[in-house]
Amino acid sequence: MLPSRLLFVLGLLVFATGCDREPPTGPSGPLAPGPSGPTSTGPIAFVSDRDGTEAVYLADEDGSVVTRLSDGTWPAWSPDGQKIALWRSRDRAIYVINVDGSGLRHLASGWEPDWSPDGRMLVFRGESFTIDVIDVDGSNHRRLHDGGDGAGVFAPAWSPDGRRIAFINGSYVSFGGLWVMNADGSDARHIGPGELPAWSPDSSEIAFVISRSIDVSNADGSGRRTRVAGPATFPDWTPDGRLIFTKDPSGDWYGPGQRIFISDGGLERQLIPEAAAPASSSYSDRQATWRR
């Protein structure tokens with residue numbers, strides 16, 4: 001059996017290249033009404049290949065009214081809930097789009113975007129496996145952290161209070177675990193093993209993936225405990241402190257057939273319902289994020 005860290009790396013590589021089936025990308029128009037008329041503008045964004053290509057979808061709070069937004073992956077909500085940043089594999093670049101499907105624009109080359117809580121900047125993984133930030137108008141692109149000694153950094157997540165950024169520090173060979181630094185890039189420190197950090201709404205805790213399960217710790221790495229037994233990945237929080245995550249009911253961690261669940265009072269239930277007419281029965285829904 002492959003080590004969990006290697007499986008995570010392979011999963012990221014599949015995730016990063018899986019969108020190459022997408023058609024050439026271009027400006028997107030406003031969302032068209034679905035078969036029954038209504039469209040969703042959130043509060044849930046997620047990734048699915050239910051229509052045959054990887055795309056970002058929106059859904060209402062109960063998982064209903066699923067609406068295709070745009071080609072891409074790795075969605076991130078703006079603080080005002082009016083825009084989503086996403087990543088497109090065709091040019092390996094970050095875009096920003098309005099939640100009604102209008103106004104798609106290229107922002108920067110890079111991966112894994114996340115917004116600053118004031119909505120003025122995006123933090124992301126740069127082309128050289130660095131942590132970079134850029135103003136939302138595309139100006140003032142600068143580097144915050146380079147990982148050091150040839151290591152790469154991944155999956156930055158800005159704390160809701162604006163003070164800190166959590167990230168993965170390591171390389172494609174050996175991950176160094178979870179790190180936290182100040183929002184200006186100073187005082188980077190290791191807080192323990194884990195991947196794919198997600199801050200709680202009050203910035204006091206971090207959810208992360210470890211040994212195929214989802215654990216939660218205090219922001220300094222103390223008080224670790226398991227919240228979702230694996231295999232599970234891509235954690236995020238609802239505003240009231242519940243966890244949403246990706247899980248394959250068959251037990252496969254990164255294979256086809258993944259679905260999005262919510263942990264509600266200790267009970268897990270599927271959040272996004274089955275697609276009515278997917279392009280393939282082995283489609284996946286994954287990487288859900290909730291508007292703050």
Open item on the list: Determine whether D51 and Y57 satisfy the following criterion, side-chain contact (heavy atoms from CB on, under 4.5 Å), listing intermediate values before the conclusion.
Closed with: CA-CA 11 Å; D51 287 341; Y57 287 75; 2.7 Å; yes

Task: Pair D71, Y95: side-chain N/O donor-acceptor within cut-off below 3.5 Å - done: no

Task: Heavy-atom pair with the smallest gap, counting every atom of P117 and S159 - done: CG-O, 3.1 Å

Task: Cluster overlap L243 with I260, hydrophobic side-chain contacts below 4.5 Å - done: no

Task: Heavy-atom pair with the smallest gap, counting every atom of D236 and W290 - done: OD2-N, 2.9 Å

Task: Considering all heavy atoms, the nearest S102-D100 contact - done: OG-OD1, 2.6 Å

Open item on the list: Tell me whether the rings of F234 and W74 are parallel (<30°), tilted (30 to 60°) or perpendicular (>60°).
Closed with: perpendicular

- [ ] Would you mind reporting whether R125 and V153 have side-chain heavy atoms less than 4.5 Å apart?
- [x] no

Task: Considering all heavy atoms, the nearest I134-S139 contact - done: CG1-O, 3.4 Å

TODO: Check the pair S213 / S211 against side chain to side chain donor-acceptor pair (under 3.5 Å), numbers first and verdict last.
DONE: CA-CA 5 Å; S213 296; S211 300; over 6 Å; no

Task: Short side-chain to backbone donor-acceptor contact, D114 and V123, under 3.5 Å - done: no

Open item on the list: Can you tell me how the ring of H190 sits relative to the ring of W179, calling it parallel under 30°, perpendicular over 60° and tilted otherwise?
Closed with: tilted

Open item on the list: Looking at T246 and R286, would you say the former's side chain and the latter's main chain have a donor-acceptor pair under 3.5 Å?
Closed with: no

Task: Pairing of D184 and R142 as salt bridge, 4.0 angstrom limit - done: no

- [ ] Answer yes or no: is there a donor N or O on one side and an acceptor on the other, between the side chain of R189 and the main chain of D187, under 3.5 Å?
- [x] yes

Open item on the list: Please verify the inter-ring angle class for F129 with W111; under 30° counts as parallel, over 60° as perpendicular, anything in between as tilted.
Closed with: parallel

Open item on the list: Quick check with a 6.0 Å cut-off and a 45 degree axis cone: is R227 positioned over the face of F208's six-membered ring?
Closed with: no

Open item on the list: Test of understanding: clusters of I, L, V, M, F, W, Y form through side-chain heavy atoms closer than 4.5 Å, transitively. Do I97 and V66 belong to the same one?
Closed with: no

TODO: State yes or no: do F245 and I272 share one hydrophobic cluster built from I, L, V, M, F, W and Y residues joined by side-chain heavy-atom distances below 4.5 Å, directly or via other members?
DONE: no

Open item on the list: Please check: side-chain N/O of W115 versus main-chain N/O of A76, any donor-acceptor pairing under 3.5 Å?
Closed with: yes

Open item on the list: Let me check something: do V133 and M181 share a hydrophobic cluster, defined by ILVMFWY side-chain heavy atoms less than 4.5 Å apart, either directly or through other members?
Closed with: yes

TODO: For R88 and S70, run side chain to side chain donor-acceptor pair (under 3.5 Å): C-alpha distance rounded to whole Å, both residues' side-chain angles, the deciding distance at 0.1 Å, then the answer.
DONE: CA-CA 10 Å; R88 284 184 162 181; S70 178; 2.7 Å; yes

TODO: Indicate whether the side chain of S128 and that of T130 have a donor and an acceptor atom separated by less than 3.5 Å.
DONE: no

Task: Backbone of S64 reached by a side-chain donor or acceptor of D62 within 3.5 Å - done: yes

- [ ] Find out if a path of hydrophobic residues (ILVMFWY) with successive side-chain heavy-atom gaps under 4.5 Å connects F46 to L196.
- [x] no

Task: Straight-line distance of T226 OG1 to R224 CZ, nearest 0.5 Å - done: 10.0 Å

Task: Main-chain N/O of T289 paired with W77 side-chain donor or acceptor, under 3.5 Å - done: yes

Open item on the list: For D80, is there an ion pair with K83 - N to carboxylate O distance below 4.0 angstrom?
Closed with: no

TODO: Identify the heavy atoms of L58 and S40 that sit nearest to each other, and give their distance.
DONE: CD1-O, 3.5 Å

Task: Inter-residue atom distance D264.CG - D240.CG, 0.5 Å rounding - done: 8.0 Å

Task: Approximate separation, where rounding is to 0.5 Å, of D285 CG and D49 CG - done: 8.0 Å

- [ ] Taking K247 for its side chain and A229 for its backbone only, find out whether a donor-acceptor pair lies under 3.5 Å.
- [x] yes

TODO: Looking only at non-hydrogen atoms, find the nearest pair between I168 and A155 and report the distance.
DONE: CD1-CB, 4.0 Å

